[in-house]
Amino acid sequence: MHARNFPLSRTLGLIALGGGLALSGARAADPAAAVDSFPTFESYVKVSGYAPWIAGDRAAAAQHTGFPNAGAFGLEDLFLTKDLSNDTNLTVKAKALEGAEDYLAQFDLTSNNLGSAEVGYKRYRIFYDGVGGFFPLSNTFLLMSPEARHVDRGAFWIDLKLARPNAPVFTLSYRNEIRSGEKASSEWGLVVNPLATVVNGALVGNAAPANTVAIAPNLAQLAEHHQILEGGMTADLGKTTETLKGTLEWVDNVDTRYYTRYTGSRVIADTPTNVLDDQESVHTRSFHVLNQTETRLGDKLTLETGLSYSHLTGKDGGQWITPAFNAGANAVFSAATAGNIFANPKVDDVVGNLLLKYVPTADWRAEAGFRQEYNVIADAGGFYTTSVATGAKTLAPSSITTANDVTYSHETDHVSTPEVSLEYLGISRVSLYASADDRINRGHQHWINPYAAVTTTGTGVVTTASAPIGNIFFQQANQDQENAKVGANWNASAALTLRIEIFHNDHVNRFIGANDLVGTGSYGALYAIGYKLDGIRSTLIWKPLPVLTFTSAYQPQAGDLAVTANAVNGGLGTESPSGKIRIQSFSETVDWNPIKQFYAQGSVNVVYNYVQTAYPTVVVSATSPIPPPFHNANNNYVVGSALAGFVLDKRDDAQLQLNGQQANNYNRWIAAGGVPYGATYLMESATIGLKHKFSDRLFGEAKAGYLRSTDGTNNGLTNYHGPLAYAALTFAL
């Protein structure tokens, strides 16, 4: 299948607005800054305004660029530093952009003989486009009303440090974070296939794919609160530096998802209904203690140790309500898929590690470490489900069956991670290095199928039933994650630098159930998944001329996915390897500075990335290969940019910038067998800017540009385009 992904869409928006029009701040690097007469202010204030004139899908533009369509104005950046005495300094940072809802207030007080204190608050907004999927076979596209959504994130913090000369350093910090608002989710809901034939409120035939398409937009409402209190101490005890830390955390989240299932349906059995898909409340309390030491055992040997313990308890709740049409009662029944959820998770985790650093000569460096972790994760809880009794003609209480389901789980992990690294500097202009680590987890899992322990019918009859043996599972969960790399850096000359690294990753997750251990019943099963990936990271920096630099990077990667299963869960044990990963990434950047008054830079990044799974056939038996309705997962794209900066005179600089990104991975015909994932889009921007110095204490900036996006994935229904303008004044304080 195609995996829909916009890996760099938000990046492009930030490039387009950050490099050309963005509210990027007066301290951003300017290509001509080193040769023009623009000063660097120690303290300053910058006010700015940003105005777009977007036509088309304005919500999509806000999501991709990260900036509001109504514009923004206000205090973009304030930086103030002042010496209060010979050894005490105060720094103030602030931002207040109306429209973007981007605010910052930060105060830093530092004393060379006492320590420091920092107090701050920030808030910013993330924009979302409330749309669902596009069904190309009937050109069906669904969106929310209103379409534009957003989530606000905020944080308040206090950091205190007591650092007197020749004394232990003490730290105390508190952080209070929130996330609230609404965002679109890709967990889309079902709609009746628009191509399905409906007669008298009933489906006739079976229009692919199976009369339903998952394209209805899903709304996630967030209300999250996270608090962290941490204290620490660092002290030098002879040849040992010791650090102690203690942390308390509080998490209080209530998140809910809503969507309308079968929007606009004419089918009686699939009437439009509002679904409370997933309402979850999470309340956890945890503490964490950490001790770290670094001991110098001599001029050549250093030992580092660490020991930590974490404990978490929680109380979770919520409900899943899924309305469904009941033919007998001829009405919609709001079934509780899981009502009155309650759970009490508990986690205990202990980690210890040792790291030995050895420097026998100036040319050799070696490290060997070992990390040991043990954790226990336990949970117990329950919920109720509801259903309509077979043959019921009404939705009266006597016809509703309620099942109270209880569940528990218990997991342990015992993780050992050895690691080694080696570096050699004995060859002139060359450094060689290598490292390897292996994360070995031997875990055990025990849980019960959560359905049907006590059943209460609407007539008041209570039936108690113990969980059948086939619903109790014991399973070993073993993981092996091997990683290795070897590389070299060669500084051949001032004009040539070459860096090459070869890496290998081999990850396997293997689950072995009781049936594989003792051959009885369905107590879990053999199931192994993993991948092997090999690749090269290479970078070449070449300066044929002092004013010209080429930076080239090439990263090929290739590997296999593996899935092995046994007959208990439907596998044949011959499905490995089940897929292939192939990635080719190339980037080139050219920097040219022929004269002091001109600077140019161009870059391009090309990525070919696909995952081959079951395509072109799926073997379900030795004699019946079946062609599937999906192809490989492609994620190929090209990103390019060009920048030129000019010094016009002693008071004026100019800048031109072009950006673009394109992908073409969408195959609409896959919709015949499912949702056609994959992305096809083109995003472009062009900007021109002018910077003018009014005086030694005041300069201004003005930028104008044009932004365009075409999205073939949604048949152009989320396209947008339009000009943008930005202006700013920076004053020295």
Side-chain angles (χ1 to χ4, degrees), residues 1-10 56-64 127-149 182-196 203 206-221 257-267 270-278 322 611 613 628-637 663-683 709-720:
M1 68 178 180
H2 285 268
R4 177 173 182 173
N5 189 10
F6 287 86
L8 296 173
S9 60
R10 182 173 175 84
D57 191 338
R58 293 164 57 87
Q63 176 172 294
H64 291 167
F127 301 91
Y128 293 93
D129 187 13
V131 298
F134 173 69
F135 187 57
L137 302 187
S138 63
N139 292 331
T140 302
F141 185 62
L142 301 176
L143 50 85
M144 298 178 186
S145 180
E147 182 180 349
R149 306 284 176 159
E182 299 176 338
K183 59 180 291 188
S185 170
S186 59
E187 296 184 16
W188 297 328
L190 296 175
V191 301
V192 173
N193 187 338
L195 299 179
L203 287 169
N206 185 34
N211 293 322
T212 57
V213 186
I215 60 172
N218 188 313
L219 176 65
Q221 293 184 335
R257 296 184 185 274
Y258 296 96
Y259 69 92
T260 301
R261 187 170 60 171
Y262 305 132
T263 301
S265 173
R266 296 174 292 120
V267 181
D270 296 325
T271 57
T273 54
N274 294 321
V275 178
L276 174 60
D277 181 58
D278 184 359
T322 308
V611 178
T613 52
F630 46 81
H631 289 194
N632 297 330
N634 296 317
N635 188 19
N636 308 323
Y637 58 88
N664 188 20
N665 303 312
Y666 184 68
N667 184 351
R668 60 180 288 133
W669 303 112
I670 298 176
V675 177
Y677 295 113
T680 291
Y681 60 89
L682 173 63
M683 305 175 101
S709 171
T710 58
D711 188 356
T713 311
N714 291 323
N715 201 36
L717 296 172
T718 56
N719 292 357
Y720 59 87

Taking the side chain from N719 and the backbone from D711, do they hold a donor-acceptor pair closer than 3.5 Å?
yes
What are the two closest heavy atoms between G130 and A184, and how far apart are they?
CA-CB, 3.8 Å
Excluding sequence neighbours, so at least two apart, what forms side-chain contact (heavy atoms from CB on, under 4.5 Å) with A148?
A59
The side-chain hydrogen bond (donor to acceptor under 3.5 Å, both in side chains) partners of T710 (sequence neighbours excluded) come to none
By side-chain hydrogen bond (donor to acceptor under 3.5 Å, both in side chains), R149 pairs with (sequence neighbours left out) E182
If you look at every heavy atom in A663 and N636, which pair is closest and at what distance?
CB-O, 3.4 Å
Mind checking ring pair (Phe, Tyr, Trp, His ring centres under 6.0 Å) for Y259 and listing every partner two or more places apart, or none if nothing turns up?
none
Nearest heavy atoms of P136 and Y666, plus distance in Å
CG-OH, 3.4 Å
Measure the spacing between CG of N665 and OH of Y637 and express it to the nearest 0.5 Å.
10.5 Å
Side chains of V192 and R266: does their closest heavy-atom pair fall under 4.5 Å?
no
Those residues that, when tested against D278, pass side-chain hydrogen bond (donor to acceptor under 3.5 Å, both in side chains) (two or more places apart)
W320
Heavy-atom pair with the smallest gap, counting every atom of G264 and P272:
N-CG, 3.9 Å
Just to verify, what does R257 make a salt bridge (Lys or Arg N to Asp or Glu O under 4.0 Å) with, not counting sequence neighbours?
E187
For D270 against S265, the heavy-atom pair lying closest together
O-OG, 2.8 Å
Those residues that, when tested against A60, pass side-chain contact (heavy atoms from CB on, under 4.5 Å) (two or more places apart):
D57, D129, T718, Y720
Is there a donor-acceptor contact under 3.5 Å from the side chain of N193 to the main chain of L195?
yes
Please round to the nearest 0.5 Å and tell me the distance separating atom OG1 of T260 and atom CG of L190.
12.5 Å
Show the numbers, then the answer: is there a side-chain contact (heavy atoms from CB on, under 4.5 Å) between F134 and I215?
CA-CA 6 Å; F134 173 69; I215 60 172; over 6 Å; no
If I compare all heavy atoms of T713 with all of T680, which pair ends up nearest, and what's the gap?
OG1-N, 2.8 Å
Evaluate N218 against Y258 for side-chain contact (heavy atoms from CB on, under 4.5 Å), listing each step before the verdict.
CA-CA 6 Å; N218 188 313; Y258 296 96; 5.9 Å; no
Close side-chain approach of Y262 and T271, heavy atoms under 4.5 Å:
no
Those residues that, when tested against E147, pass side-chain hydrogen bond (donor to acceptor under 3.5 Å, both in side chains) (two or more places apart)
none
